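Just so it is clear, the values below take in all heavy atoms, side chains as well, and ignore hydrogens, waters and symmetry mates. Values in this document were obtained by computation on a predicted structure and should not be read as measured data.
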Amino acid sequence: MAKKIGPPFTVHPKFVLKESEASNKPLSSGDKEKDKATVQALAAKIGLQQQMLYAGHKHKVLVILQGMDTSGKDGTVNDVFAAVNPQGIRIANFKGPTAIELAHDYLWRVHAQVPVAGEIAVFNRSHYEDVLITRVHDWIDDKECQRRYRQINDFERMLWETGTVVLKFFLHISKAEQKSRLQSRIDDPNKHWKFDPQDLAERKFWDAYQQRYQEVLRATSTLHAPWYVVPADSKTHRNLLVANVVLETLQKLKLKFPDAKPELKNLKFD
């Protein structure tokens with residue numbers, strides 16, 4: 001069974017985002033290799049749960065990953081869902097909207113990517129960009145931002161009421177850790193493909209992003225779609241926490257393989 005992950009990591013109305021907590025590792029055993037092995041074991045169990053989810057074709061699971069640049073969204077997908085059959089998972093990565101997307105409401109492109117029955121969908125960034133970068137750069141005002149909070153809560157409640165489990169993870173890294181990870185992308189030629197000069201430009205707005213993230217987390221963490229704040233300076237601890245929450249959630253669905261078909265019991269091939 002997964003460890004029960006509760007109040008210490010979920011957001012409440014008076015939640016305060018503290019940079020000092022990004023390096024916390026409360027789930028760690030103190031042995032990095034042992035923790036990595038635990039993540040692999042959890043990933044294997046998630047893989048089995050996903051098989052039953054896919055076979056049952058009833059439940060839908062949406063995992064939302066948000067965080068500053070280099071917070072580990074790709075790494076979380078790679079490690080936590082390492083044992084999941086590709087048929088049963090879909091990754092959606094929301095970049096700057098296209099002209100067609102801008103011609104619609106901001107949730108239009110998001111709704112098109114939510115999971116179907118039997119599927120896990122992972123949003124690597126999400127509709128929350130429309131109340132983060134847009135607010136940091138004053139592309140929308142506070143009145144519009146508050147309106148979008150209400151719309152997002154309504155949207156996620158609709159998903160929940162129609163059978164989608166919504167899990168939201170904020171991967172919380174410190175400014176120092178981001179600096180280290182950005183520098184490693186510059187220093188290692190094999191990581192140059194990961195480097196985007198825009199990351200440096202956005203880093204200048206670090207404090208503004210932290211303020212907006214705190215506001216977003218408070219305004220949109222609900223009973224039907226809670227936010228989990230994941231200390232993510234440690235990649236292994238990040239994976240431990242996310243994997244435990246995902247596995248615990250899947251186990252609560254009491255998934256099982258469909259009943260055997262009686263007509264196949266005595267079927268033999270020549």
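Remark: side-chain polar atoms of Thr38 are paired, donor with acceptor, to backbone N or O of Lys34 under 3.5 angstrom. In terms of modelled atom types and a separation under 3.5 Å, the side chain of Lys191 and the main chain of Ser184 share no donor-acceptor contact. Under a 3.5 Å cut-off, the side chain of His224 and the backbone N or O of Glu156 do not form any donor-acceptor pair. Side-chain atoms of Gln113 never come within 3.5 Å of backbone atoms of Phe123 as a donor-acceptor pair (strictly under, hydrogens ignored). Remark: the backbone N or O of Ile140 is not paired with any side-chain donor or acceptor of Thr134 at under 3.5 angstrom. The main-chain N or O of Ile173 is never found under 3.5 Å from a side-chain atom of Gln178 such that the two would form a donor-acceptor pair. At distances below 3.5 Å, not a single donor-acceptor pair connects side-chain atoms of Lys60 with backbone N or O atoms of Leu159. A donor-acceptor contact shorter than 3.5 Å links the side chain of Asp196 to the backbone of Gln198. For Arg181 (side chain) and Thr70 (main-chain N/O), a donor-acceptor pair under 3.5 Å exists by modelled atom type. Between the side chain of Asn239 and the main chain of Lys36, no donor-acceptor pair closer than 3.5 Å is present.
Considering only residues two or more places apart in sequence or on other chains, Ser174 meets the side-chain hydrogen bond (donor to acceptor under 3.5 Å, both in side chains) condition with Asp233.
Taking the six-membered ring where the residue is Trp, His104 and Trp108 present parallel rings, their angle staying beneath 30° rather than reaching 60°. Using bins of under 30°, 30° to 60° and over 60° for the plane-to-plane angle, the ring pair His127/Phe155 lands in the perpendicular bin.
Ion pair Arg212/Glu215 flagged as a salt bridge, since at least one NZ, NE, NH1 or NH2 atom sits closer than 4.0 Å to an Asp/Glu carboxylate oxygen. Between Lys32 and Asp35 there is no salt bridge, since none of the side-chain N atoms of the basic residue sits less than 4.0 Å from a carboxylate O of the acidic one.
The local environment of CH2 in Trp160 is sparse, with at most 12 non-hydrogen atoms from other residues, nucleotides or ligands closer than 6.0 Å. More than 12 heavy atoms of other residues, nucleotides or ligands shown are found within 6.0 angstrom of CG on Leu267. Within 6.0 Å of atom NE2 in His137, more than 12 heavy atoms from other residues, nucleotides or ligands are found, so the atom counts as buried in its surroundings. Heavy atoms from other residues, nucleotides or ligands lying under 6.0 Å from NZ of Lys235 number 12 at most. Crowding of Trp193 atom CH2: a count of heavy atoms from other residues, nucleotides or ligands under 6.0 Å not exceeding 12.
For the atom pair CZ of Arg185 and NE2 of His192, the computed distance is 11.5 Å after rounding to the nearest 0.5 Å. Here the NZ-CG distance, from Lys204 to Asp199, works out to 12.5 Å after rounding to the nearest 0.5 Å.
Leu42 and Val80 end up in the same hydrophobic cluster when Ile, Leu, Val, Met, Phe, Trp and Tyr side chains are linked at under 4.5 Å.
Ring to ring, Tyr213 and His172 are not that close: their centroids are 6.0 angstrom or more apart.
When each of Gln210, Lys175, Glu202 is tested with Met68 by the rule side chain to side chain contact (heavy atoms under 4.5 Å, CB included), just one qualifies, namely Gln210.
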